[in-house]
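No hydrogens, no waters, no symmetry mates; every other heavy atom, side chains included, goes into these values.
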Amino acid sequence: MNFIKIATEGVPHDYRSSLLPIVIQSMGYRIDWVNSDEADLLILGPFYKKNQKPYRWCPKPLRPILSNSIETLSGKRKQAPVTLFHTQENARHDYVDADYSISFDLGVQSERHFRFPYWMEMLDWSHEGLVGNINPRYGELLNISTLMTPLGSQYLNRGGSCALLSSHLREPRGSLFKALEKVVSTQGFGAFFNKKIKDHHSSGFLKKDILKDFSYNLCPENGLYPGYYTEKIPEAFYSGCLPITWADENISVDFNPSSLINLQPLFKNDFRELAEILLSKKRLETYQSEPLIFVRPSLEPLKQFLSKLLRVSTSN
């Protein structure tokens, strides 16, 4: 058993129970979660603030005393920790200055960067011996074999309506929603549509329970960037819905473009082709024979990247 001291700054509140720490533990490391000045590895998230002062929770007059005490008693490292920027948001790999990075970004010419899109964190990896990751907002982990199986005809037998789960309708999401409303019955769920809901963590429903009754799921990404594809599309597909998304043109790197409707190229004609697709039984039936992914993903490339990073971290 190897030991590694890890600290985090600017990561989601549930990061310690997310996939990356679980993968590190599966590689034979016991993680001790420590303060940043004690860490072998400091993981920086997309909410990290560069000029954030240490011990900001402590009253200002007491901070020097606290700092000296911690340095004396806790064995503060003489060397700075190895830093890893890990983002599950639409932030570029170099958004934070770090030794290594894990992001969505395609085309990064660096051995110190690894592309691992967030949708892969929502997969069931038990076939590779890894358990413990969760998908709380959807309600279950996604089985890879199901994503590699054709969609089937479920969506054709659900009445032809569309669902959007969202906390906002900021553009272009608002225009996409209105474009769908003109063609098919479209229903919204989430904080924007129900003001009693504070945020998506307190919605009171599971995504899978909503989507099982709809033919289509409007699931636009939060922005366009090569490689930025989240859990939205695979969760729609997994639910038996035909995914209707807004994503950049490189989406074929992860997903079969014939298994979904991408609204991004339809802007130029004011979405006129959308009616031609959704109101044509023949066009709609073509999607039922398409899988979402062709190549089975694996955690091995991630483990190889982490192996080097962890060796460097624990050798300091």
Side-chain angles (χ1 to χ4, degrees), residues 11-26 86 88-89 104 116-159 161-167 187-191 193-194 197-222 229-245 247 254-256 259-260 287-288 290-299 302:
V11 299
H13 72 279
D14 56 352
Y15 186 83
R16 292 185 181 185
S17 60
S18 66
L19 184 68
L20 191 72
I22 295 173
V23 172
I24 292 174
Q25 291 170 325
S26 76
H86 181 200
Q88 294 129 328
E89 302 289 336
F104 292 89
F116 195 79
Y118 182 61
W119 67 269
M120 290 190 181
E121 297 198 29
M122 299 299 105
L123 300 181
D124 180 354
W125 293 105
S126 59
H127 61 286
E128 291 195 13
L130 188 139
V131 296
N133 59 316
I134 58 175
N135 189 1
R137 287 165 60 187
Y138 180 75
E140 66 179 274
L141 296 172
L142 309 182
N143 182 278
I144 294 174
S145 295
T146 300
L147 300 179
M148 299 184 72
T149 301
L151 178 59
S153 61
Q154 298 177 70
Y155 69 102
L156 296 171
N157 302 314
R158 293 180 178 176
S161 57
C162 179
L164 168 67
L165 290 83
S166 183
S167 59
Q187 190 171 348
F189 300 87
F193 303 96
N194 183 350
I197 299 175
K198 294 182 179 180
D199 55 53
H200 52 241
H201 297 293
S202 58
S203 64
F205 59 76
L206 294 176
K207 194 173 178 181
K208 68 175 185 177
D209 293 335
I210 298 292
L211 294 182
K212 65 181 177 60
D213 297 323
F214 288 86
S215 295
Y216 317 114
N217 177 205
L218 176 58
C219 48
E221 298 296 355
N222 292 323
Y229 319 117
T230 64
E231 77 288 357
K232 297 180 180 67
I233 292 172
E235 286 178 350
F237 185 94
Y238 196 80
S239 299
C241 296
L242 175 59
I244 302 177
T245 190
D254 285 355
F255 305 131
N256 170 16
S259 68
L260 52 87
Y287 294 97
Q288 65 183 325
E290 298 289 346
L292 182 66
I293 58 177
F294 292 122
V295 180
R296 180 176 292 273
S298 171
L299 289 175
L302 175 62

Is a side-chain N or O of Asn133 found less than 3.5 angstrom from the main chain of Ile22, in a donor-acceptor match?
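Not at all, since once roles are kept as given, no pair shorter than 3.5 Å links the two residues.
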
Is Glu221 reaching over with its side chain to a backbone N or O of Thr230, donor-acceptor style, under 3.5 angstrom?
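A pair under 3.5 Å: yes.
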
Once rounded to the nearest 0.5 Å, what's the spacing between atom [atom1] of [X] and atom [atom2] of [Y]?
X      : Y      : atom1 : atom2 : value
Tyr138 : Leu206 : OH    : CG    : 9.5 Å
Lys232 : Tyr118 : NZ    : OH    : 9.5 Å
Leu164 : Asn217 : CG    : CG    : 7.5 Å
Arg137 : Met122 : CZ    : CE    : 9.5 Å
Trp125 : Leu142 : CH2   : CG    : 11.0 Å
Tyr229 : Met120 : OH    : CE    : 12.0 Å

Steps toward side-chain contact (heavy atoms from CB on, under 4.5 Å) verdict (Gln154, Cys241):
CA-CA 7 Å; Gln154 298 177 70; Cys241 296; over 6 Å; no

The criterion is side-chain contact (heavy atoms from CB on, under 4.5 Å); which residues satisfy it with [X], sequence neighbours excluded?
X      : value
Ile134 : Pro136
Gln288 : Ser153, Tyr155, Leu156, Glu285
Phe294 : Asn256, Pro291
Val23  : Leu19, Ser26, Met27, Leu130, Leu299, Leu302, Lys303, Leu306

Set of residues satisfying side-chain hydrogen bond (donor to acceptor under 3.5 Å, both in side chains) with respect to Thr149, sequence neighbours excluded
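Once residues adjacent in sequence are excluded, Thr149 has no partner under the side-chain hydrogen bond (donor to acceptor under 3.5 Å, both in side chains) criterion.
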
Holding to ring-ring contact (aromatic ring centres under 6.0 Å, His included), I want the full list of residues that pass it with [X], two or more places apart in sequence or in another chain.
X      : result
Phe104 : Tyr228
Tyr238 : none
Phe189 : Phe214

Identify the two heavy atoms, one from [X] and one from [Y], that lie closest to each other, and give their separation to 0.1 Å.
X      : Y      : value
Ala191 : Ile197 : CB-O, 3.6 Å
Leu242 : Ser259 : CD1-O, 3.6 Å
Tyr287 : Leu260 : CE2-O, 3.6 Å
Pro243 : Ile233 : CG-O, 4.0 Å

Any chance you could lay out the side-chain contact (heavy atoms from CB on, under 4.5 Å) test for His86 and Val11, step after step, and finish with the verdict?
CA-CA 8 Å; His86 181 200; Val11 299; over 6 Å; no

Of all pairs that satisfy salt bridge (Lys or Arg N to Asp or Glu O under 4.0 Å), the ones with a partner from residues 204-214, not counting sequence neighbours
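Every pair satisfying salt bridge (Lys or Arg N to Asp or Glu O under 4.0 Å) with a residue in residues 204-214: Glu140-Lys208, Lys207-Glu235.
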
For residues 16-26, which residue pairs pass the salt bridge (Lys or Arg N to Asp or Glu O under 4.0 Å) check, not counting sequence neighbours?
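Those involving residues 16-26 do not exist here.
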
Salt bridge (charged side-chain N to carboxylate O under 4.0 Å, His left out) with Glu128: which residues, sequence neighbours excluded?
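With sequence neighbours excluded, Glu128 shows a salt bridge (charged side-chain N to carboxylate O under 4.0 Å, His left out) to no residue whatsoever.
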
What residues, two or more places apart in sequence or in another chain, satisfy salt bridge (charged side-chain N to carboxylate O under 4.0 Å, His left out) together with Asp254?
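Result, salt bridge (charged side-chain N to carboxylate O under 4.0 Å, His left out) vs Asp254: Arg115.
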
Show your working on side-chain contact (heavy atoms from CB on, under 4.5 Å) between Phe237 and Leu147 and close with a plain yes or no.
CA-CA 7 Å; Phe237 185 94; Leu147 300 179; 4.0 Å; yes

Are the side chains of Ser18 and Glu121 in contact, using a 4.5 Å heavy-atom criterion?
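With C-beta onward as the side chain, the pair touches.
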
Could you go through the side-chain contact (heavy atoms from CB on, under 4.5 Å) check for Arg158 and Tyr216 one step at a time?
CA-CA 9 Å; Arg158 293 180 178 176; Tyr216 317 114; over 6 Å; no

